[in-house]
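Order of the sequence lines sets the chain letters (A, B, ...), proteins ahead of strands, with each chain counted from 1. Note that the structure is predicted; figures quoted are calculated from it, not measured.
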Number of protein chains: 2
Amino acid sequence: MSKQERASATFGPVVGCCEPLVREPLSAEQSVELSRVFKAMGDPVRLRLLSLIASHVGGEACVCDLTDVFDLSGPTISHHLKVLREAGLITGERRGTWVYYRVRPDLLAQVSAVLAPAGCDELPVLDA
Amino acid sequence: MSKQERASATFGPVVGCCEPLVREPLSAEQSVELSRVFKAMGDPVRLRLLSLIASHVGGEACVCDLTDVFDLSGPTISHHLKVLREAGLITGERRGTWVYYRVRPDLLAQVSAVLAPAGCDELPVLDA
DNA sequence: CGTCTGCTTCGACGTCGGTCGAACCAGAGG
DNA sequence: CCTCTGGTTCGACCGACGTCGAAGCAGACG
């Protein structure tokens with residue numbers, strides 16, 4: 001089972017913790033898992049890629065749409081997409097000539113919940 | 001005005017964006033700002049430090065409390081605290097012999113809101 | 001089959017970042 | 001003033017990471 005499959009298997013707590021950061025301290029293992037997600041988002045290009053995919057019409061974006069936005073080579077964009085994929089933040093699917101990426105809103109929601117202040121630990125409702 | 005001062009000046013949008021990631025794409029500048037925060041949280045030690053400080057009684061923790069938790073040297077812990085400080089996630093204050101750190105819940109709430117799915121863009125209420 | 005296009009993988013290069021010991025600074029307490 | 005303890009800064013080391021061009025792979029299309 002790959003890292004990506006494990007992350008997308010269920011809707012359960014992917015990042016290994018449900019409670020907000022401010023309520024109780026993270027264990028060493030939880031910190032390692034969660035920090036992987038943050039590290040993936042800790043690059044300007046990747047963060048922008050994520051938002052471009054997330055806000056694209058239809059909820060998905062072709063790689064060719066993304067490459068034009070940046071002044072970077074194709075391999076570099078592909079590398080960043082791979083990092084986001086291995087962090088469980090996006091999924092890629094090939095349809096014919098093109099590859100389409102979409103975000104995993106459940107993981108985004110979980111991370112958002114972990115960061116939320118105490119008293120806001122409810123998982124937001126997904127209207128998708 | 002230092003980076004830290006700029007981050008703590010007001011309760012306004014510190015990270016340069018208010019809308020959730022999934023609604024509209026981040027600009028290059030917004031991505032750079034936001035990614036700085038995520039990069040700071042993208043290390044297991046720093047993430048755990050953050051949660052230890054945030055969940056500590058009284059909302060603050062002395063450095064001596066934090067050092068014991070990790071199998072790391074003092075300078076290393078100090079380095080990580082500096083990174084978190086420069087990202088605007090925590091503030092430090094010397095009182096006598098000891099230095100106390102506390103989190104900036106407003107920044108945490110903003111980052112949480114940016115990550116939240118569309119339709120959950122309300123800033124959570126701080127009960128502090 | 002050949003080729004063209006879209007995307008990924010590979011290998012290399014330069015920079016950044018986490019870690020440590022040593023040195024340094026700030027208060028507290030003789 | 002001296003010293004002791006708590007933290008930070010400095011300098012060095014080494015592995016991790018972002019970037020690229022070249023090469024490779026997958027479909028589409030003649």
Can you measure [X] atom [atom1] to [N] atom [atom2] for me and round it to whole angstrom units?
X: B/Glu93; N: D/dT8; atom1: CD; atom2: C1'; result: 17 Å
X: B/Leu72; N: D/dG7; atom1: CG; atom2: C1'; result: 16 Å
X: B/Tyr100; N: D/dT8; atom1: OH; atom2: P; result: 13 Å

Between [Y] and [X], is there a side-chain heavy-atom distance shorter than 4.5 Å?
X: A/Val99; Y: A/Leu81; value: no
X: A/Gln110; Y: A/Val114; value: no
X: B/Leu115; Y: B/Phe38; value: yes
X: B/Leu108; Y: B/Leu50; value: yes

- Query: In the hydrophobic clustering that connects Ile, Leu, Val, Met, Phe, Trp and Tyr at side-chain heavy-atom distances below 4.5 Å, which members other than A/Tyr100 occupy its cluster, ordered by chain and number?
  - Reply: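 Other cluster members: A/Trp98.
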
- Message: Counting only heavy atoms from other residues, nucleotides and ligands, does the tally under 6.0 Å from CG of A/Asp68 exceed 12?
- Response: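 Check passes, neighbour count above 12.
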
- A/Arg94 side chain to A/Gly96 backbone, donor-acceptor under 3.5 Å: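 Checked: pair present.
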
- Message: Quick one: does any side-chain atom of B/Thr67 pair with a main-chain N or O of B/Val63 as donor and acceptor, under 3.5 Å?
- Response: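 Yes.
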
- A/Gly88 versus A/Arg104, closest heavy-atom pair with distance: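 It is O-CD, 2.8 Å.
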
- Query: If you look at every heavy atom in B/Val37 and B/Ala87, which pair is closest and at what distance?
  - Reply: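 In this case the closest contact between B/Val37 and B/Ala87 is CG2-O, 4.1 Å.
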
- Message: Does D/dT19 have OP1 or OP2 under 4.0 Å away from a side-chain N or O of A/Thr76?
- Response: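 No.
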
- Item | Within residues 50-65 of chain B: residues closer than 4.0 Å to DNA chain D (heavy atoms) |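 The stretch gives B/Cys62, B/Val63, B/Cys64 as the residues lying under 4.0 Å from the strand, ordered by number.
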
- Query: What string of B, S and - do you get for nucleotides 10-16 of chain D 5' to 3' if you count protein non-hydrogen atoms under 4.0 Å?
  - Reply: -------

- Sequence-aligned protein contact record of nucleotides 25-30 of chain D, with B where the base is within under 4.0 Å of a protein heavy atom and S where only the sugar-phosphate is: -BSS--

- Going 5' to 3' on DNA chain C, which nucleotide is the first and which the last to come under 4.0 Å of a heavy atom in chain A?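 First-to-last contact on DNA chain C, by the 4.0 Å heavy-atom rule, is C/dG6 to C/dT9.
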
- Task: Assign each of A/Arg46 and B/Val99 to its nearest nucleotide of DNA chain D by heavy atoms, then name whichever residue's nucleotide is nearer the 5' end.
- Result: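 With A/Arg46 and B/Val99 compared, the 5'-side residue is B/Val99.
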
- Do B/Val83 and B/Val69 share a hydrophobic cluster, counting only Ile, Leu, Val, Met, Phe, Trp and Tyr and linking them when any side-chain heavy atoms are less than 4.5 Å apart?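 Cluster IDs for B/Val83 and B/Val69 differ.
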
- Given the rule in the side chain to side chain contact (heavy atoms under 4.5 Å, CB included) test, do A/Leu52 and A/Phe70 qualify, once you have shown the distances and angles that lead to the verdict? CA-CA 11 Å; A/Leu52 283 167; A/Phe70 302 91; 3.9 Å; yes

- Query: So what does B/His79 touch, heavy atoms closer than 4.0 Å: a base, only the sugar-phosphate, or nothing?
  - Reply: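 Answer is base: heavy atoms of B/His79 come under 4.0 Å of a base.
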
- Message: Just to be sure I understand the rule, does B/Tyr101 reach a base, reach only the sugar-phosphate, or reach nothing, if contact means heavy atoms closer than 4.0 Å?
- Response: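 Sugar-phosphate, no base atom in range.
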
- Task: If a pair satisfies side chain to side chain donor-acceptor pair (under 3.5 Å) and one of its residues is in residues 45-65 of chain A, list it, with sequence neighbours excluded.
- Result: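 Qualifying pairs, neighbours excluded: A/Arg46-A/His80, A/Glu60-A/Arg95, A/Glu60-A/Arg102.
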
